[in-house]
Amino acid sequence: MMNLAADLNFENVFVQPINADWLEERNITLDVLRLDLIHPIISGNKYFKLKYYLKDAAEKNFHTIVTYGGAYSNHIIATAFACKQNGFKCIGIIRGEEPEQLSHTLRHAKELEMHLHFVNRIEYKNINNHKKKFDNAYFINEGGYGLEGVQGAAEIIKHVKNFDQYTIVFCAVGTGTTLAGIINASSLHQTIIGISVMKNNHSLEQQVSHILDANKQNKQFKIIHDYHFGGYAKYNKALLNFMNETWLQHNLPTDFVYTAKVFFGIKDMINQQQISNNSHILKIHTGGLQGNLSLLKGALQFS
Ligand SMILES: *Cc1c(COP(=O)(O)O)cnc(C)c1O
């Protein structure tokens with residue numbers, strides 16, 4: 001059994017250059033910030049997003065954290081970890097009936113002593129009810145959405161040497177908290193592109209604007225809605241093939257929910273001439289590889 005509570009290894013993070021004909025032909029460079037290497041289970045962007053919530057909770061003398069997620073949520077497992085590491089009790093409100101067999105994610109969260117509280121989809125949204133029920137607890141939104149989450153996500157770029165050299169930064173978008181942090185931390189010559197992993201979630205643009213710094217509101221960012229592969233956590237044979245190819249050609253592991261769709265999107269947008277020649281691209285690898293455990297064994301040539 002893996003020691004889930006072992007330390008996070010921020011010193012393992014590095015920037016990996018990608019070499020490929022489809023980049024060279026257009027004189028485009030592509031580097032990947034490997035936040036997935038922080039920990040095999042506690043994924044790349046999640047700890048950044050939690051950091052300032054936990055600080056706030058500690059300063060306000062809370063002892064219990066409550067947060068939200070589904071059965072495969074990377075945010076749930078990361079919160080369980082961060083709470084254990086920082087001495088908080090922790091409750092996960094989980095969307096859906098309690099299954100006979102817990103997912104890998106929920107099993108790991110339980111090992112980290114998160115208390116799982118299963119509710120149906122309607123009850124899940126009734127935050128006022130939960131606040132009454134757990135009235136001494138500090139609440140963190142699903143996915144860490146909110147200003148403290150953005151503040152932490154902005155620190156991701158501290159792990160990139162010479163961040164200013166990049167003209168385009170790509171990352172996956174769930175709640176948009178990570179994207180907002182990167183936008184806040186970037187300069188005017190940089191375009192930040194988020195690849196939405198949900199189908200037609202056009203409220204995202206507003207959701208991101210809502211948590212951006214006031215002086216970044218006009219800043220150039222785009223959310224692309226073309227690479228969801230059918231919707232959240234949906235995938236097909238083509239995506240799995242692409243993930244295996246990416247591993248074999250570039251030694252780059254990706255997850256099927258987020259980072260594979262971003263990498264696919266980058267390649268496709270370059271091939272469709274939607275990215276200008278001579279661009280210097282940074283892709284933030286936001287982690288999430290533990291999600292691949294829910295795929296059939298043998299579907300991927302890496303794990
Ligand atoms: C949670 C997650 C995201 C989404 O982050 P948001 O800040 O909610 O947009 C992206 N990639 C991975 C791997 C994740 O686990």
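Atoms considered below: every heavy atom in the structure, side chains included; atoms not considered: hydrogens, waters and symmetry mates. Just follow the structure's listing: the first ligand is 1, and inside any ligand the first atom is 1.
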Pairs of nitrogen or oxygen atoms closer than 3.5 Å, one from [X] and one from ligand 1: do any exist?
X      : answer
Asp255 : no
Leu179 : no
Gly287 : no
Asn74  : yes

Notebook entry, point to check: Can you check whether Leu106 reaches Leu116 side chain to side chain, under 4.5 Å on heavy atoms?
Noted result: yes
Ligand 1 atoms in contact with [X] (distance to a heavy atom under 4.0 Å):
X      : value
Val173 : 9 (O)
Thr286 : 10 (C), 11 (N), 12 (C), 13 (C)
Thr178 : 5 (O), 6 (P), 7 (O)
Gly288 : 13 (C)

Margin query: Taking 4.0 Å as the limit for heavy-atom contacts, which would you say applies to Lys49 with ligand 1: side chain only, backbone only, both, or neither?
Written below: side chain
Is the distance between the ring centroids of [Y] and [X] under 6.0 Å?
X      : Y      : answer
Phe229 : Tyr235 : no
Tyr72  : His104 : no
His159 : Phe10  : yes

Next item on the list: Is it possible for you to check whether Lys46 lies under 6.0 Å from the centre of the six-membered ring of Tyr258, through NZ or CZ, and within 45° of that ring's axis?
Entry: yes
List the closest protein heavy-atom neighbour of [atom]: residue, atom name, distance to the nearest 0.1 Å.
atom                   : answer
atom 8 (O) of ligand 1 : Thr175 OG1, 2.6 Å
atom 4 (C) of ligand 1 : Gly174 N, 3.5 Å
atom 1 (C) of ligand 1 : Lys46 NZ, 1.6 Å
atom 5 (O) of ligand 1 : Asn45 ND2, 3.1 Å

Checklist line | Ion pair check, Glu142 and Arg95, cut-off under 4.0 Å | finding: yes
Note to self: Between Arg107 and Glu111, does any side-chain N to carboxylate O distance fall below 4.0 Å?
What the structure shows: no
Margin query: Tell me the nearest of Tyr145, Phe48, Tyr72, Tyr258 to atom 3 (C) of ligand 1, using heavy-atom distances.
Written below: Tyr258
Item checked: Reference residue Tyr138; test side chain to side chain donor-acceptor pair (under 3.5 Å); the match among Thr67, Thr64, Asn61, Asp56 -> Asp56
Checklist line | Mutual orientation of the aromatic rings belonging to Tyr47 and Phe81 [parallel < 30°, tilted 30-60°, perpendicular > 60°] | finding: perpendicular
